[in-house]
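What follows is one structure encoded as structure tokens, with my remarks underneath.
Residues: numbered from 1 along the sequence shown.
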Amino acid sequence: MLKEYRSIVEVAGPLMLVQDVEGVTYNELGEIELANGEIRRCKVLEIDGSKAVVQLFESAVGINLSNSKVRFFGRGLELAVSMDMLGRVFDGLGKPIDGGPEIIPDKRLDINGVPMNPAARDYPSEFIQTGVSAIDGLNTLVRGQKLPIFSGSGLPHAQLAAQIARQSKVLGTDSKFAVVFGAIGITFEEADFFISDFKKTGAIDRAVLFMNLANDPAVERIATPRMALSAAEYLAFEKGMHVLVILTDITNYAEALREVSAARKEVPGRRGYPGYLYTDLATLYERAGRMRDYEGSITMIPILTMPEDDKTHPIPDLTGYITEGQIILSRELHKKDIVPPIDVLPSLSRLKDKGIGKGKTREDHANTMNQLFAAYARGKEAKELAVILGDAALTDTDKLYAKFAESFEAEYVSQGFQTERSIEQTLELGWQLLSILPVGELKRIKQEFIDKYYPKK
């Protein structure tokens, strides 16, 4: 029988103070029973002697201090896991919302997980094909990597996320591939888009979806990515699957942290976010990776919308420190109808060199990637010069580079959200574009690859 407390002394926003508690621990789950019998969920945020600060999952409206009872369960927030999760849609706290039955669990996992021992980590080295040329060809995703997408409000990051979830595969292995999708604080319209896209394309069969909507409580928002990662850890390290975790939108997660921190009257850090934002984000991102002696792995793509498109904002800034690169979506390319509007020059995958080359993608991949970067950068400079001084100021070679930059954006980067390209198609397209330039300009490619792959006109 759980002990009941009738010692609620204060309710402030999403927080509640309970006195005279015994044996209650940090992060412990509980429930409040109102005078009318209604039950609301809560969890312990802080313990000070016999006082507990409790965070409500639902609204505090209608809680009468003298008539309400609090019970604590002696355990933290847990997720019931089994292979039956695949193909299902859950809310942010792990309850099915797709009309299907409750999951009969193999086990229950504490959603806070256990930190991965750095000494047990295996180095990411296997190429993941997303079918998106701007990622596969230039900012390659590697199995076990954390590669965030930095977007802005109104940019099509949701469509790109759905495309990556739908198309991703690990080449050259027979291992099972799964996608865990965690939606944090998104609108009903976005949630409907993701669910219907997954169902329409059949991707739902290998996916687990966690949906936390904008009108759900802030506390649930903090739990959702941990639910998704707990499901991923089960599938990866207990069932041997390659799991791709997509979390959108990390900005909403950080806003929820700030809201709870303000309610606790904590001293704010940069832009009002709590001083522990870096540590908190690291507890999410560092759950991705590969472990020695385990077949499975977790690869993570967190998506965040940069407030005011500002890369120096605390959320993208701190995310960049913890993760291994970033894919940046450009508003300028979006206005030009480049789909997806990936700005390849400031984008970066720090592990791309580990996942490409002979036996992984193709022998010429590294050379062509470097040449495409260099040619596009010079082409953009030539176009900017033409805007200032006019086309007459450009040399014939500069005009070719400007033409290359135009074609590169229109054909290589812009492929649409429904087109899937194999890595061979991406590399061939790169060679086609490089053939705009004279062979003498291809200074970053070995002669043997030029002889073998340069298109014969």
Side-chain angles (χ1 to χ4, degrees), residues 126-143 145 147 149 155-173 177 179 197-198 200-203 206 242 244 246 299 301 303 325 327-330 333-334 336-345 347-349 351-373 375-376 379 404-436 445 449 452-455:
E126 289 164 87
F127 169 68
I128 290 183
Q129 180 175 289
T130 64
V132 180
S133 291
I135 298 176
D136 292 349
L138 301 171
N139 293 292
T140 313
L141 179 64
V142 181
R143 185 161 79 89
Q145 185 177 4
L147 186 63
I149 294 175
L155 295 182
H157 46 269
Q159 289 89 327
L160 180 60
Q163 182 179 19
I164 292 171
R166 192 170 62 238
Q167 295 178 177
S168 291
K169 52 178 77 75
V170 180
L171 296 185
T173 69
F177 194 87
V179 175
D197 185 87
F198 274 66
K200 184 173 69 191
T201 58
R206 59 168 192 172
H242 298 322
L244 176 66
I246 299 177
T299 307
I301 299 183
I303 298 172
I327 302 293
I328 296 181
L329 301 192
S330 155
L333 292 178
H334 183 54
K336 286 194 203 171
D337 288 332
I338 304 291
V339 178
I342 295 173
D343 195 349
V344 297
L345 293 180
S347 296
L348 168 71
S349 168
L351 299 179
K352 64 187 173 195
D353 297 334
K354 306 293 181 287
I356 62 175
K358 195 169 184 178
K360 293 177 180 176
T361 52
R362 208 169 73 181
E363 57 188 353
D364 59 318
H365 191 157
N367 281 193
T368 51
M369 174 178 72
N370 293 336
Q371 189 66 64
L372 285 167
F373 268 126
Y376 181 49
F404 170 86
E406 289 281 348
S407 302
F408 178 79
E409 286 177 2
E411 296 172 37
Y412 194 95
V413 179
S414 188
Q415 67 177 73
F417 291 121
Q418 302 305 320
T419 306
E420 180 176 358
R421 289 182 187 152
S422 69
I423 187 60
E424 286 77 17
Q425 289 171 315
T426 291
L427 291 169
E428 288 306 322
L429 181 57
W431 278 105
Q432 290 291 336
L433 291 167
L434 289 172
S435 70
I436 293 171
I445 302 181
F449 298 147
K452 187 172 179 182
Y453 295 110
Y454 189 80

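The distance from the CG atom of Leu348 to the CG atom of Leu351 is 9.0 Å, given to the nearest 0.5 Å. Considering NE2 of His365 and CG of Asn370, their distance stands at 9.5 Å, rounded to 0.5 Å. Taking OG1 from Thr201 and CD from Gln167, the interatomic distance works out to 9.5 Å, rounded to the nearest 0.5 Å. Separating the OG atom in Ser407 from the CD atom in Gln432 is a distance of 11.5 Å, to the nearest 0.5 Å. In this structure, OG1 in Thr368 is found 11.0 Å from CG in Leu429, a value given to the nearest 0.5 Å. Between atom CG of residue Leu244 and atom CD1 of residue Ile128 there is a gap of 6.0 Å, rounded to the nearest 0.5 Å.
Of all heavy-atom pairs spanning Gly355 and Thr361, the tightest one is O-CG2, 3.9 Å. Residues Leu147 and Asn139 come closest through the heavy atom pair CD2-O, 4.0 Å. Taking every heavy atom of both residues into account, Asp337 and Ser414 meet most closely at O-OG, 3.9 Å. Nearest approach of Val179 to Ala165, heavy atoms of both residues: CG2-O, 3.6 Å. The nearest pair of heavy atoms linking Pro341 to Leu333 is CB-CB, 3.9 Å. Contact between Ser168 and Arg206 at its shortest, heavy atoms only, is O-NH1, 3.2 Å.
The aromatic rings of Phe408 and Tyr376 sit tilted relative to each other, their planes meeting at an angle between 30° and 60°.
Applying the salt bridge (Lys or Arg N to Asp or Glu O under 4.0 Å) criterion to Arg166, with sequence neighbours excluded, gives Asp197. In terms of the side chain to side chain donor-acceptor pair (under 3.5 Å) criterion, residue partners of His157 (sequence neighbours excluded) are, by chain and number, Ser151.
Looking only at side-chain heavy atoms (C-beta outward), Thr299 and His242 stay at 4.5 Å or farther from each other. Contact of the Ile342 side chain with the Val132 side chain is registered, since non-hydrogen atoms from C-beta on lie closer than 4.5 Å. A 4.5 Å side-chain heavy-atom check between Val344 and Tyr412 finds every atom pair outside the cut-off. Counting heavy atoms from C-beta on, the side chains of Ser422 and Gln129 come closer than 4.5 Å. No side-chain heavy atom of Gln415 sits less than 4.5 Å from a side-chain heavy atom of Glu420. Residues Ile149 and Ile328 fail the side-chain proximity criterion, which asks for heavy atoms closer than 4.5 Å. You'll find the side chain of Phe177 stays beyond 4.5 Å of the side chain of Arg143, heavy atoms only. Side-chain contact between Thr140 and Ile135 is absent, with no heavy-atom pair separated by less than 4.5 Å.
Sorted pairs that involve residues 352-361 and meet salt bridge (charged side-chain N to carboxylate O under 4.0 Å, His left out), not counting sequence neighbours, are lacking altogether.
In summary, the side chains of Tyr453 and Glu428 do not present any donor paired with an acceptor at a separation below 3.5 Å, with no hydrogens or angles considered.
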Q) Where do Leu141 and Phe127 land on the side chain to side chain contact (heavy atoms under 4.5 Å, CB included) test, with the steps shown first? A) CA-CA 6 Å; Leu141 179 64; Phe127 169 68; over 6 Å; no

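In terms of modelled atom types and a separation under 3.5 Å, the side chain of Asp136 and the main chain of Gly131 share a donor-acceptor contact. Not one N or O on the side chain of His334 forms a donor-acceptor pair closer than 3.5 Å with the backbone of Pro156. Without hydrogens or angle criteria, Gln159 side chain to Val339 main chain gives no donor-acceptor distance under 3.5 Å.
Each of Leu427, Thr130, Thr426 was evaluated against Arg421; a single residue qualifies, Thr426, per the side-chain contact (heavy atoms from CB on, under 4.5 Å) test.
Figure legend: cation-pi geometry between Arg362 and Phe449 absent, as NZ or CZ is not positioned both under 6.0 Å from the six-membered ring centre and within 45° of its axis.
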